[in-house]
Amino acid sequence: MASNTQEYIFRSKLPDIELENHLPLTEYLFQRHQGKASSRPCLIDAEAGRVLSYGDVDLLARRVGAGLSRLGIRKGDVVMLLLPNCIEFVLAFLGAARIGATVTTANPLCTASEIEKQASGSGARMIVTQAAQIDKLDRLLHQEDQEREICVMLADESECPKVEIAAEVDVVTLPFSSGTTSLPKGVELTHKNLITCIAQLVDGENPNLFLHGNDRMLCVLPLFHIYCLSCVLFASLRAGAAIVVMRKYEIGAMLGAIQRFQVTAACLVPPILLALAKNPVVGDYDLSSLRFIMSGAAPLGKELERAIGDKLPGAIIAQGYGMTEAGPLISMSLAFAKTPFAIKPGSCGTIVRNTEAKIVDTETGESLAYGVCGEICLRGAQIMKGYLRNVEATMATIDKEGWLHTGDVGFIDRDEELFIVDRVKELIKFKGFQVAPVEIEALLVSHPRICDAAVVGKSDEVAGELPVAFVVRSPGSLRISEDDVKQFIAKQVVFYKRLHSVIFVDSIPKSAAGKILRKVLKSALSTN
Ligand code: ATP
Ligand code: MG
């Protein structure tokens, strides 16, 4: 029988738009904020209450650009930001981008050797940081063959050089992937890649993620991760919204900031949504200003999505899905559009506009139709230039026809909504049946006595792998037993998805971007 070679291509329900992705990133971001519009609030420091207008931010970024240039930074040089969320992070990023430098963003919680690896791997010529981090940089500073400086800088804006930027090839940022499945990979994103991604969210007559000049967007996720950098910082800058910058996440401080600054929009991750659903302190705050909460970076079960919706009836709760290599957005809920569409809970949204997607069979590579599960692939101008100095990995991820293979398994239904099942690599194979940890985790956290959970496969000679759950009991719920948990799941799933064992723990290891670190749990299992 002849093989089926038909290609099923999925797209947004919104029409394609004209993209201005030939511009340098900073020009695109500030294009609409000249003249009178420049006095609107841009950055709000949530702790100090300090407010900078769009005009202030643009001016200060030019001064930083001039300062960097005076210190010898030239177009194409890599500048590393090792900073928590703060106004200086934004100014340093925009200043460096303006003079054509590439910014690599690092997690300040990383160890000295992790930071060293990123600094050397990316060839950083300069590190912008704060006093608290200096100890970690000791070794780097004493490597004599390397020219690196650590500094704070401002100079006259007239000294900010004008550089020619080729949006298609010049790399503006070099974020690292989260390192959930293996070591973090440096991802080269050009000006064109980032502008495409931002435009797909907030541009057009009916923007997919509608933000406007009276919005106040919460910036509590780490800016060094592409999710917050693109969806929070850049999307808000382009749309002219004010950004409420928080140094770090703490539930009370976050709720306080939402109330105090009348935050209207928040991009969050599932662990924070879990706290919003389960932590009683939420009831002490007035959160009625929130008009939407987006969840991304990791799976969010529909049970949890509904629970938060019940708590915050005035806000739209829905998801976006992405990966660093896509700048990062792949799909976004159309519930956030200016003229919204009806959506289903648990969906990760619809493919963003100006993009093609297909779902392929993980074994045969065959293109699959509506409703059939396979690997999600994506093609569009937002897709990375490549992995930093790793042609092999780039070629393994982006095929000859330009399709980015996400490594995630999911399907698209007849309403064009994307549902993620799990990562190809995380699926547990029990006697030939596939079990998605994400599905069992969503059921576990819907139990009132369970406050968090993670599921991994444990090697087994007979079955191949057995599903094992790590469970954190809710405070005061010590009496829920292994058997209770197993029964609770067994009642809701087909036999092969039942839990083989349950291990009670105090917390689930998660990355800064809110992802469960299953590799840590798996190695705990193998050493037990
Ligand atoms: P690494 O590639 O280094 O192993 P990572 O894939 O976690 O780490 P990121 O680029 O930060 O690094 O994350 C992208 C991944 O996050 C996606 O491939 C997907 O597995 C997951 N993800 C993002 N958004 C969602 C979502 N809404 N639902 C489910 N999974 C999501
Ligand atoms: Mg990845």
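Every number for a ligand or one of its atoms is a count from 1 in the order of the listing.
- For E375 (side chain) and G407 (main-chain N/O), a donor-acceptor pair under 3.5 Å exists by modelled atom type.
- The shortest contact between atom 11 (O) of ligand 1 and any protein heavy atom is with S178 OG, 2.6 Å.
- Of the protein's heavy atoms, K515 NZ, 2.7 Å lies nearest to atom 13 (O) of ligand 1.
- With a heavy-atom cut-off of 4.0 Å, Q319 touches ligand 1 through its side chain alone.
- At least one side-chain heavy atom of T105 sits under 4.5 Å from a side-chain heavy atom of F93.
- Among all protein heavy atoms, the one lying closest to atom 27 (N) of ligand 1 is G320 O, 2.8 Å.
- Of the protein's non-hydrogen atoms, A297 N, 3.1 Å is the one closest to atom 24 (N) of ligand 1.
- Within the 4.5 Å cutoff, side-chain heavy atoms of N85 are placed close to those of C219.
- Closest to atom 20 (O) of ligand 1 among all protein heavy atoms lies D408 OD1, 2.7 Å.
- Of the protein's non-hydrogen atoms, the one nearest atom 10 (O) of ligand 1 is T324 OG1, 2.6 Å.
- Distance alone, capped at 3.5 Å, is enough to place a donor-acceptor pair between the R389 side chain and the G121 backbone.
- Atoms of ligand 1 found under 4.0 Å from any heavy atom of H225 (numbered from 1 in listed order, with element): 11 (O).
- Residue, atom and distance of the protein heavy atom nearest to atom 4 (O) of ligand 1 are T181 OG1, 2.4 Å.
- By the 3.5 Å distance cut-off applied to N or O atoms, L300 is not counted among the residues near ligand 1.
- A salt bridge between E356 and R11 is present, with a side-chain N of the basic residue lying under 4.0 Å from a carboxylate O of the acidic one.
- Under a 3.5 Å cut-off, the side chain of N354 and the backbone N or O of D16 do not form any donor-acceptor pair.
- In this structure, G407 does not count as a contact residue of ligand 1, since none of its heavy atoms falls inside 4.0 Å of the ligand.
- An N or O contact shorter than 3.5 Å links T180 to ligand 1 by distance.
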> Would V505 and V472 count as a side-chain contact (heavy atoms from CB on, under 4.5 Å) if you check the C-alpha gap in whole Å, the side-chain angles of each, and the deciding distance to 0.1 Å?
Replying inline: CA-CA 5 Å; V505 288; V472 183; 4.0 Å; yes
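- Here's the thing with P184: none of its N/O atoms is less than 3.5 angstrom from an N/O atom of ligand 1.
- Distances from ligand 1 to the non-hydrogen atoms of A513 include no value under 4.0 Å.
- Nearest protein heavy-atom contact of atom 2 (O) of ligand 1 is K185 NZ, 3.4 Å.
- Side-chain atoms of S347 and E417 include a donor-acceptor pair closer than 3.5 Å.
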> Should E416 and L334 be marked as a side-chain contact (heavy atoms from CB on, under 4.5 Å) after you check the CA-CA gap, both sets of side-chain angles, and the distance that decides it?
Replying inline: CA-CA 10 Å; E416 307 294 342; L334 286 170; over 6 Å; no
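- Taking any N or O of Y321, backbone or side chain, none lies under 3.5 Å from an N or O belonging to ligand 1.
- Ring geometry for H212 versus F210: interplanar angle of 30 to 60°, hence tilted.
- Residue contact check: C348 has heavy atoms under 4.0 Å from atoms 27 (N), 28 (N) of ligand 1.
- Residue A298 holds the heavy atom nearest to atom 31 (C) of ligand 1 of all those in A512, A298, G346.
- In this structure, S289 contributes its side chain and V263 its backbone to a donor-acceptor pair below 3.5 Å.
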